[in-house]
Amino acid sequence: MLMTRPVRRGGSSHFRPRLVYLRAPMADEHEHEIQHMIDPSVPDLSPLETLRHSAAHVMAAAIKKLWPDARLAFGPHTDDGFYYDIDMPHRLVPEDFERIEAAMQAEVDGKHPFVREEVTRPAAIELFTRLGEGLKVEAIAAIPGDATLTLYRSGDFVDLCRGPHVANTAQIRSFKIMSIAGAYWRGDETRPQLQRVYGTAFADRKELKEHLRLIEEAKARDHRKLGKELGLFHFDPIAPASPFFTGRGAVVYNSLQAYVRQLYRKHGYEEIITPQIFDMDLFKTSGHYEHYKDNMFACTIDEREFGVKPMNCPGHCILFRQTRRSYRELPLRIADFGRLHRYERSGVTGGLTRVRSFAQDDAHIFCLPEQVGAEITSVTNTILECYRTFGFDQPEIEVSTRPASYLGELATWDRAESALMAALDAAGLPYKINKGDGAFYGPKIDFKVRDALRRSWQLGTVQLDFQLPERFGLEFVASDDSRGRPVMIHRAMLGSLERFFGVYLEHVAGRFPTWLAPVQVAVLPITDAHHAWTHEVAAALNAAGLRVETDLRSEKLGLKIREATLLRVPYMLVLGDKEVEARGVAPRSRDGKTGPLEPLAEFVARLAIEAQIPSGSADPTPQQLAPQLAPQLTPLA
RNA sequence: GCCGUUGUAGCUCAGUCGGUAGAGCAGCUGAUUCGUAAUCAGCAGGUCCCCGGUUCGAAUCCGGGCAACGGCUCCA
């Protein structure tokens, strides 16, 4: 039951209702909303976020009990839990987690209500100074204005906090300390580092268990692990953060490119090839030298400074202006799989997700200002089609608008931003606006997909650019013979192919659809007597353009099946007396299903269709689509 | 770049107090010819990440580098 009491607000004299929680049972779904409605200064958190933020308080209280000299910083909720930044002499190790959890449980068992309290700034400073919470005092100093501050008490723990919170610590029943990491006070790397303790909490034990299972599953299908197990790619210290793709990996990589090329053909792009290394003058013109030089590989030859391209756009501008362009040529859509090199700082790289040598499915569209809307619509549709093919759900779309420091005319920005949103509106696509998050050269749309484990990845991007056409003096001849400046649209669907490779590998847990599988069919003779038919079958598959491997070793069938299964080969053909006699095959899928004996030609014809690169001219067949959630494979013994 | 952790055979890992480097899998050789997720035996395989120091002696201790991993920051 909710009760209200009058509370003085700020300096004004009016009274407003305020909440006090007296109720123990958890999870009134609407508590937080009520809290938020009554006081808009209370952040609008979801019930789960509220629970997690409350759990952060409980954890902080527990840590303060165990290590009274701990100084608290901030303790917010995150996408899948919460953390608290703490400054203390004791260096936490995983062995401490159990003690912390036990102390947290004591807080929970104490059934302490969360009590909100309003204080003046001086009172808050006085309180936290007395408690020795220097970081809190600093945080108070950083809060602008002289608004009333709020405290939340639970038991004998008190924290500066805007809330909201659950009613009572007893509601925090399912929690776990996850990990410990370093973090800076307010992200400032010149300040001493704090210890960030990560935890998670859920409304009930079942959800917590499921969350922990998903974490285990994510570990099992980590693309770095799968890449090694499946022999797809390799890293060596001799080329830090730069993948070596093996023969198998390159099949996947090239097939991804082949698919994107299908889309290009369908949607009116032409693919070009541009240089790798340019005179640094190019990047001085584009602005990369000024803004991005520290991330570029450079060298000086013959007293001339060169830079390895970190992006394709400047080179594309050169190609655009190498001839006089008529408005009739626009929109000009040029695509480039050019290899890019960026000197990513040593601490930021990892697996395929952030590498120093990579390629994008990159394209630039040069168009008339009035063509922007139609182009955005077309690009967006192509991106959505692309993600469908890979079995991703509808992506989350975010529009980033003009940042504080920007280049170009205000009116142009306004026009561009409304063009982006109008295109999305027209397509009936929901999106979120990230105000002020655009690049300084133009607004953008980002596309984020969720993979099979519900993790979010930013893949595609569509960016308007008014700067490069200006800087490179690009122009076209208009119908009245005047000169106009084209608008440049940067766009990528998969983003970095390397990164997409990693994301997708995890999404399908190594079970590539047939058209992407490095090996599509494994032919497994039972004994030497079946080798002749094996060679015939393999030759027929090979002739149909399928990727086939034979296993002629004198190993037992079980082993051959096991190994092909672990390599996630989509189909296995076990050949024994029956198959030889019938001149047929009985395909076994990697899921363990065995089909009936059928004539070889039938299987070849069927598989050839399934293995086709999705054409982009029709919806992919179910077989071409990726499996949504791969069944769990028996782990290696 | 910053903080922390780690680095031993192709892979996954063990290695006590500083005293000649270990296993399983993979590989090679041989045997086995087998019907839907691991046949048996033998052999071979090492710059203990790199450089330097301490020590009679270093995988082990110390210093410096490199790389990977977990985070932070960054990702015009």
Side-chain angles (χ1 to χ4, degrees), chain A residues 78 83 85 91-94 178-198 219 222 224-225 228-229 231 234-242 283 286-296 310-311 313 342-351 353-356 403 405-407 438-442 458 461 463 465 467-468 495-496 499 522 524-531 552-567 572-580 586-595 633-637:
Chain A
T78 64
Y83 66 80
D85 283 349
R91 191 151 274 295
L92 287 167
V93 291
M178 301 301 291
S179 60
I180 174 88
Y184 299 102
W185 168 248
R186 306 186 88 98
D188 180 353
E189 65 183 2
T190 65
R191 296 284 303 253
Q193 204 156 28
L194 308 170
Q195 302 189 65
R196 177 166 294 179
V197 189
Y198 282 93
K219 262 186 223 159
D222 184 303
R224 292 167 295 201
K225 187 169 178 280
K228 211 179 278 182
E229 286 172 5
H234 170 74
F235 286 92
D236 191 284
I238 205 69
S242 305
F283 302 110
S286 70
H288 288 101
Y289 188 83
E290 189 185 345
H291 295 284
Y292 204 68
K293 186 172 188 285
D294 289 347
N295 285 295
M296 287 179 61
M311 8 203 117
C313 355
R342 298 181 184 175
Y343 184 76
E344 300 288 2
R345 296 204 295 168
S346 59
V348 307
T349 57
T353 44
R354 188 108 165 242
V355 292
R356 291 185 177 152
S405 94
Y406 62 95
L407 290 171
F440 71 86
Y441 51 76
Q458 199 221 299
T461 183
Q463 306 184 359
D465 187 346
Q467 276 312 299
L468 285 183
S496 146
R499 188 174 131 86
L524 314 178
I526 294 172
T527 74
D528 295 358
H530 313 115
H531 281 192
L552 303 176
R553 297 173 301 171
S554 67
E555 296 288 352
K556 292 172 91 167
L557 179 61
L559 183 85
K560 296 182 182 182
I561 288 176
R562 175 181 160 77
E563 294 190 348
T565 304
L566 288 173
L567 286 173
M572 284 160 252
L573 302 177
V574 175
L575 302 186
D577 291 342
K578 279 184 281 183
E579 286 76 15
V580 170
R588 180 196 209 273
S589 76
R590 61 189 157 196
D591 304 325
K593 294 192 196 79
T594 307
L633 286 153
T634 310
L636 273 165

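Below, read A as the first sequence line, B as the second, and so on, with proteins coming before strands; counting in each chain starts at 1.
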Does [N] pair with anything, Watson-Crick or G-U wobble, both distances under 3.5 Å, and if so, with which nucleotide?
N	result
B:rC72	B:rG1
B:rA41	B:rU29
B:rU36	none
B:rA67	B:rU6
B:rG46	none
B:rG22	B:rC13

[N] [atom2] sits how many Å from [X] [atom1], rounded?
X	N	atom1	atom2	answer
A:Leu194	B:rG4	CG	C1'	14 Å
A:Tyr184	B:rC3	OH	P	6 Å
A:Arg562	B:rC25	CZ	P	12 Å
A:Leu559	B:rA26	CG	P	8 Å
A:Tyr343	B:rA76	OH	C1'	18 Å
A:Glu563	B:rA26	CD	C1'	9 Å
A:Arg224	B:rU12	CZ	P	13 Å
A:Asp591	B:rU36	CG	P	18 Å

Counting any heavy atom closer than 4.0 Å, what does [X] reach on the DNA or RNA strands: base, sugar-phosphate only, or nothing?
X	value
A:Tyr441	base
A:Gly347	base
A:Asp577	base
A:Ser554	base
A:Arg196	sugar-phosphate
A:Lys560	nothing
A:Gln458	nothing
A:Glu555	base
A:Gly592	nothing
A:Ala529	nothing

On RNA chain B, check which nucleotide each of A:Arg342 and A:Arg356 is closest to and give me the residue with the more 5' one.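 It is A:Arg356, whose closest nucleotide lies nearer the 5' terminus.
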Residue mapping more 5' on RNA chain B - nearest nucleotide basis, A:His530 or A:Ser179: A:His530
The side chain of [X] lies closest to which of these nucleotides: [options]?
X	options	value
A:Tyr292	B:rU36, B:rA76, B:rA67	B:rA76
A:Lys228	B:rA67, B:rG1, B:rU12	B:rU12
A:Leu566	B:rG35, B:rG71, B:rA37	B:rA37
A:Arg354	B:rA67, B:rC74, B:rA76	B:rC74
A:Arg345	B:rU39, B:rU73, B:rA67	B:rU73
A:Val348	B:rC72, B:rG27, B:rA76	B:rC72

Give me the distance, rounded to whole Å, that separates B:rC17 from B:rC61 when you measure between the P atoms they each carry. 11 Å
Do A:Pro310 and A:Phe283 make a side-chain contact, defined as non-hydrogen atoms from C-beta onward lying under 4.5 Å apart?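 In short, these two side chains touch, coming nearer than 4.5 Å.
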In the structure I gave you, are the side-chain heavy atoms of A:Met296 and A:Met311 within less than 4.5 Å of one another anywhere?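 The answer is no; the side chains never approach within 4.5 Å.
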Salt-bridge present (A:Arg562, A:Glu555; N to O < 4.0 Å): no
Return the orientation label for the A:His291 and A:Phe440 ring planes: parallel under 30°, perpendicular over 60°, tilted otherwise.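 Plane angle between 30° and 60°, so tilted.
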Which one of A:Arg342, A:Arg499, A:Glu344 satisfies the side chain to side chain contact (heavy atoms under 4.5 Å, CB included) criterion with A:Arg354? A:Glu344
Shortest non-hydrogen pair, A:Ser242 vs A:Arg356, comes out as OG-CB, 4.1 Å
